[in-house]
Amino acid sequence: MLARRAMRPAFAHLAFPPALDTDPRPDWPLAAAAQRVILGHVRRLLSLREAAWNADVESVRRLRVAARRARTALSDFQSLFDADLVRDARRALSDLADGLGRTRDLDVLLGLAAELAGERPDNPELAAACRALQRRRDRMQSSLHDALRDFELAGWPSRLVTYFAAAPLDLWRFVDLHHLLQSRESTPDS
């Protein structure tokens with residue numbers, strides 16, 4: 001168990017463009033809106049890695065949902081971006097979701113079994129089945145760790161943020177430039 005803990009990746013804490021914290025406007029180019037959607041899902045995904053690593057059941061569920069949503073957004077907007085990167089990113093997100101899925105399936109089963117055991121506290125066979133499921137879930141945590149470690153060590157967090165914050169529009173400056181252009185358009189000529 002200690003060897004597994006020692007192999008925990010250093011989860012990168014990445015900065016995101018301020019454009020993610022603004023509401024998109026109808027006059028934004030499609031590429032900027034697409035970048036914002038994708039990065040929003042990526043930011044959510046990255047914020048959940050550590051809690052999922054630590055076996056927080058709800059974080060595992062939310063991380064799996066975030067991976068699926070990021071993958072769907074990449075699919076929806078793939079024609080706007082580098083096809084090879086999108087394909088590889090979708091594959092990496094799919095692998096991550098698969099690794100989380102095996103653990104999540106046991107979490108759901110454990111929840112149902114615990115509920116049933118709570119309704120029948122006098123059933124020793126049910127209590128034993130719950131303990132066996134919990135031991136299996138504890139062993140399955142290594143599958144989740146492997147999925148998170150592979151995703152991290154392949155550099156996907158940084159690659160996703162770096163690429164989608166800058167291509168095709170630089171979202172780091174997009175909102176400022178957009179507001180600057182709008183203020184010039186609304187200023188009457190002297």
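Annotation for Arg49 and Pro157: closest pair NH1-CG, 3.5 Å, computed over non-hydrogen atoms. The shortest non-hydrogen separation linking Asp95 to Ala147 is O-CB, 4.4 Å. The two residues Pro18 and Trp172 have their closest heavy-atom pair at CD-CE3, 3.8 Å. Ala51 and Ser59 get closest at one heavy-atom pair: CB-OG, 3.2 Å. Ala66 and Arg44 make their closest contact through CB-CG, 4.0 Å (heavy atoms, listed as atom of the first residue, atom of the second, distance). Shortest non-hydrogen contact noted between Phe151 and Ala92 is CD1-O, 4.1 Å.
Cluster membership check: Val108 does not share its hydrophobic cluster with Leu63, using side-chain heavy-atom separations under 4.5 Å among Ile, Leu, Val, Met, Phe, Trp and Tyr. No continuous path of ILVMFWY side-chain contacts below 4.5 Å connects Val65 to Leu100, so the two sit in separate hydrophobic clusters. Under a hydrophobic-cluster definition in which Ile, Leu, Val, Met, Phe, Trp and Tyr are linked whenever side-chain heavy atoms come within less than 4.5 Å, directly or via other members, Trp53 and Leu106 are assigned to different clusters. Hydrophobic clustering (ILVMFWY, side-chain heavy atoms < 4.5 Å, transitive): Leu20 and Phe77 are in one cluster. Hydrophobic clustering keeps Leu116 apart from Leu109 (ILVMFWY residues linked when any side-chain heavy atoms are closer than 4.5 Å, directly or through intermediates).
Rounded to the nearest 0.5 angstrom, Leu46 CG and Phe11 CZ are separated by 10.0 Å. In this structure, CZ in Arg36 is found 12.5 Å from CD1 in Ile38, a value given to the nearest 0.5 Å. Annotation: the span from His145 atom NE2 to Ser142 atom OG amounts to 8.0 Å, rounded to 0.5 Å. Distance NE2/His41 to CG/Leu74: 9.5 Å, rounded to 0.5 Å. One distance of note links CD of Glu50 with CG of Asp56; it measures 11.5 Å at 0.5 Å rounding. Going from atom CG of Leu144 over to atom CE of Met140 covers 10.0 Å, rounded to the nearest 0.5 Å.
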Practice item. Please step through side chain to side chain contact (heavy atoms under 4.5 Å, CB included) for the pair Phe16 and Leu39, ending with a clear verdict. Key: CA-CA 8 Å; Phe16 286 85; Leu39 281 175; 4.2 Å; yes

Practice item. Decide yes or no on side chain to side chain contact (heavy atoms under 4.5 Å, CB included) for Phe81 and Gln35, but give the supporting numbers first. Key: CA-CA 9 Å; Phe81 305 104; Gln35 286 172 258; 3.8 Å; yes

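A heavy-atom distance below 4.5 Å is not found between the side chains of Val42 and Leu14. Side-chain contact between Arg62 and Leu45 is absent, with no heavy-atom pair separated by less than 4.5 Å.
For Arg68, there are no salt bridge (charged side-chain N to carboxylate O under 4.0 Å, His left out) partners two or more places apart in sequence or in a different chain.
For the pair Arg159 and Trp156, the cation-pi criterion (under 6.0 Å, within 45° of the ring axis) is fulfilled.
Among Arg135, Gln141, Gln134, the single residue meeting the side chain to side chain donor-acceptor pair (under 3.5 Å) criterion with Asp138 is Gln134. For the side-chain contact (heavy atoms from CB on, under 4.5 Å) test with Asp107, the passing option among Arg137, Glu58, Arg61 is Arg137; the others fail.
For the pair Asp105 and Arg102, the salt-bridge criterion is not met [side-chain N within less than 4.0 Å of a carboxylate O].
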